[in-house]
Amino acid sequence: KLAIKINPDYSKAHDNLGFAYRQKNMFDEAIAEHNLALKINPKDMEAKKNLDIACEEKKIYEKTKAYQIANKGIAPGNITGYNQYVRGFFDEAILSFKKVLAEDPKDSMASYYLGNAYSMKGMLDDAIRVYKETLAQDPSNVLAQLNLGDAYLGKGVCDEAIQEYEKILKTHPDNSRAMYKLGEAYADKGLLDKATTAFHKAIAMNPNFTEAYDKLGTVYLQRGFYEEAIASWKKLLELNPASSRAHFHLGLAYAGKNM
């Protein structure tokens, strides 16, 4: 707040304040701050991602709160587990969320964050199992479905990952993150034409999607399309001039083109 008071147009301060509000379950305030960050700097992809997370966490929190009110109680393990999770104490968070689920297997908040904690520890089989359980209770949980696809992709199970991303896009055709991840899955499977198309679609949905430009350049380079690869990384550098990754890959593309 002090940083914002000194410089109200400092987008990162608004984004960080939004993150702080999320830690206190003050999701309306968090969403407002992430939106302010994006208003100041529309190219801030981290703020866009944080805004999406805040919106999804608000839904989960409200559903959990409604459930707790209906049952005249609060699961203390959820509060404990969430605090452990955001601080990186994943083993402790897993234990807390498992205790909650032992008492109430339908607790969607505990289920979702248990999957995330497993994923952060690289326990992808466990994460996949829990995300599936979360989606069985709430098929509309887009973030859980996206994380399920990511867990499959992390295991190298591309077909299952593709299936999950495609499910999201059927109900949320403008979800640029799902389209981008679909492109990653196609690329990992060696389907470079399909990956190229998916990355182009993700960029059409979000013209400031730096990660998509980077992956698109990589796919073009793999295909030997040096001009297109160069154009992709040049566009990325317009959006993020400090990207060392873009500079490095641009050099590779120039070398492949003998420039």
Side-chain angles (χ1 to χ4, degrees), residues 1-65 78-79 81-90 93 108-109 112-117 119-120 127 131 134 138 140-151 153-154 165 168-169 172 174-184 202-203 205-215 236 239-240 242-243 245:
K1 285 184 176 179
L2 180 59
I4 292 170
K5 186 175 181 180
I6 295 171
N7 183 2
D9 293 327
Y10 184 27
S11 64
K12 188 52 63 181
H14 286 286
D15 191 40
N16 289 340
L17 180 57
F19 181 82
Y21 277 135
R22 276 171 47 210
Q23 309 315 302
K24 294 179 176 292
N25 295 329
M26 298 169 66
F27 296 109
D28 289 332
E29 292 84 349
I31 290 167
E33 292 300 327
H34 294 314
N35 273 319
L36 276 172
L38 285 169
K39 186 176 180 180
I40 295 167
N41 181 11
K43 297 179 181 180
D44 191 337
M45 293 308 301
E46 186 176 357
K48 176 64 171 66
K49 182 178 180 181
N50 287 336
L51 174 61
D52 291 341
I53 292 172
C55 290
E56 193 62 33
E57 286 185 349
K58 179 184 176 182
K59 292 178 185 177
I60 294 170
Y61 178 78
E62 287 177 345
K63 286 181 180 179
T64 303
K65 187 175 180 180
N78 270 337
I79 299 170
Y82 182 77
N83 287 332
Q84 292 164 335
Y85 173 80
V86 296
R87 287 166 175 77
F89 302 141
F90 301 121
S108 59
M109 182 177 180
Y112 172 73
Y113 279 106
L114 177 60
N116 286 2
S119 184
M120 293 299 292
Y131 287 138
T134 302
D138 181 10
S140 67
N141 191 329
V142 175
L143 203 55
Q145 192 155 36
L146 191 60
N147 288 350
L148 175 58
D150 291 351
L153 197 58
Y165 300 137
I168 295 171
L169 290 166
H172 298 80
D174 295 328
N175 190 312
S176 60
R177 174 62 57 173
M179 185 62 73
Y180 166 76
K181 298 301 292 188
L182 179 62
E184 276 199 328
I203 289 168
M205 295 173 189
N206 180 0
N208 296 321
F209 203 155
T210 55
E211 294 168 277
Y213 283 110
D214 184 39
K215 290 293 185 179
L236 193 162
L239 299 170
N240 181 12
S243 174
R245 180 180 174 86

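We number each residue from 1, following the sequence as shown.
The heavy-atom pair separating A54 from I31 by the smallest distance is CB-CG1, 3.9 Å. Y131 and N116 get closest at one heavy-atom pair: OH-OD1, 2.5 Å. Shortest non-hydrogen contact noted between D138 and S140 is OD1-OG, 2.6 Å. The two atoms that bring A93 and G81 nearest to each other are CB-O, 3.6 Å, heavy atoms only. Taking each heavy atom of A127 and S119 in turn, the nearest pair found is CB-N, 3.8 Å. Taking each heavy atom of G18 and A30 in turn, the nearest pair found is O-CB, 3.2 Å.
N41 contributes atom CG, which lies 10.0 Å from atom CG of D15 (distance to the nearest 0.5 angstrom). In this structure, D28 CG and C55 SG are separated by 9.5 Å, a value rounded to the nearest 0.5 Å. Rounding to the nearest 0.5 Å places CD1 of I53 at 6.5 Å from CG of L143. Separating the NZ atom in K48 from the CG atom in L38 is a distance of 7.5 Å, to the nearest 0.5 Å. Of the inter-residue distances, the one linking I168 atom CD1 with L182 atom CG reads 10.0 Å to the nearest 0.5 angstrom. Distance CE/M205 to CG/L169: 6.0 Å, rounded to 0.5 Å.
Taking the side chain as every heavy atom from C-beta outward, D214 and R245 approach each other to under 4.5 Å. M45 has its side chain within reach of N206: a pair of non-hydrogen atoms, C-beta onward, lies under 4.5 Å apart. The side-chain heavy atoms of S243 and L236, taken from C-beta on, include a pair separated by under 4.5 Å. A 4.5 Å side-chain heavy-atom check between Y180 and I203 finds every atom pair outside the cut-off. Contact of the N78 side chain with the Y113 side chain is not registered, since no non-hydrogen atoms from C-beta on lie closer than 4.5 Å. With contacts defined as side-chain heavy-atom distances shorter than 4.5 Å, the pair Y82/E57 qualifies. Side chains of E56 and N141 form a contact here, defined as non-hydrogen atoms less than 4.5 Å apart.
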Apply salt bridge (Lys or Arg N to Asp or Glu O under 4.0 Å) to K181 and E211, showing your working. CA-CA 10 Å; K181 298 301 292 188; E211 294 168 277; over 6 Å; no
CA sep, side-chain torsions, deciding dist, call: N240, K43, side-chain contact (heavy atoms from CB on, under 4.5 Å): CA-CA 9 Å; N240 181 12; K43 297 179 181 180; over 6 Å; no
Decide side-chain contact (heavy atoms from CB on, under 4.5 Å) for F27 and K59; before the verdict, give the C-alpha distance in whole Å, the side-chain angles of both, and the deciding distance to 0.1 Å. CA-CA 9 Å; F27 296 109; K59 292 178 185 177; over 6 Å; no
Derivation and outcome, salt bridge (Lys or Arg N to Asp or Glu O under 4.0 Å), residues K49 and D52: CA-CA 5 Å; K49 182 178 180 181; D52 291 341; over 6 Å; no
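With E33 as reference, H14 is the one residue of R22, M26, H14 to meet the side chain to side chain contact (heavy atoms under 4.5 Å, CB included) rule.
For the residue pair D150/Y165, the side-chain donor-acceptor check at 3.5 Å is satisfied.
Environment of CZ in F89: sparse, with no more than 12 heavy atoms of neighbouring residues, nucleotides or ligands closer than 6.0 Å.
Judged by distance alone, the side chain of N50 and the main-chain N or O of E46 form a donor-acceptor pair under 3.5 Å. Judged by distance alone, the side chain of Q23 and the main-chain N or O of F19 form a donor-acceptor pair under 3.5 Å. A donor-acceptor pair under 3.5 Å is formed between the side chain of Y213 and the backbone N or O of P207.
Between Y85 and F90, a ring centre-to-centre spacing shorter than 6.0 Å is recorded.
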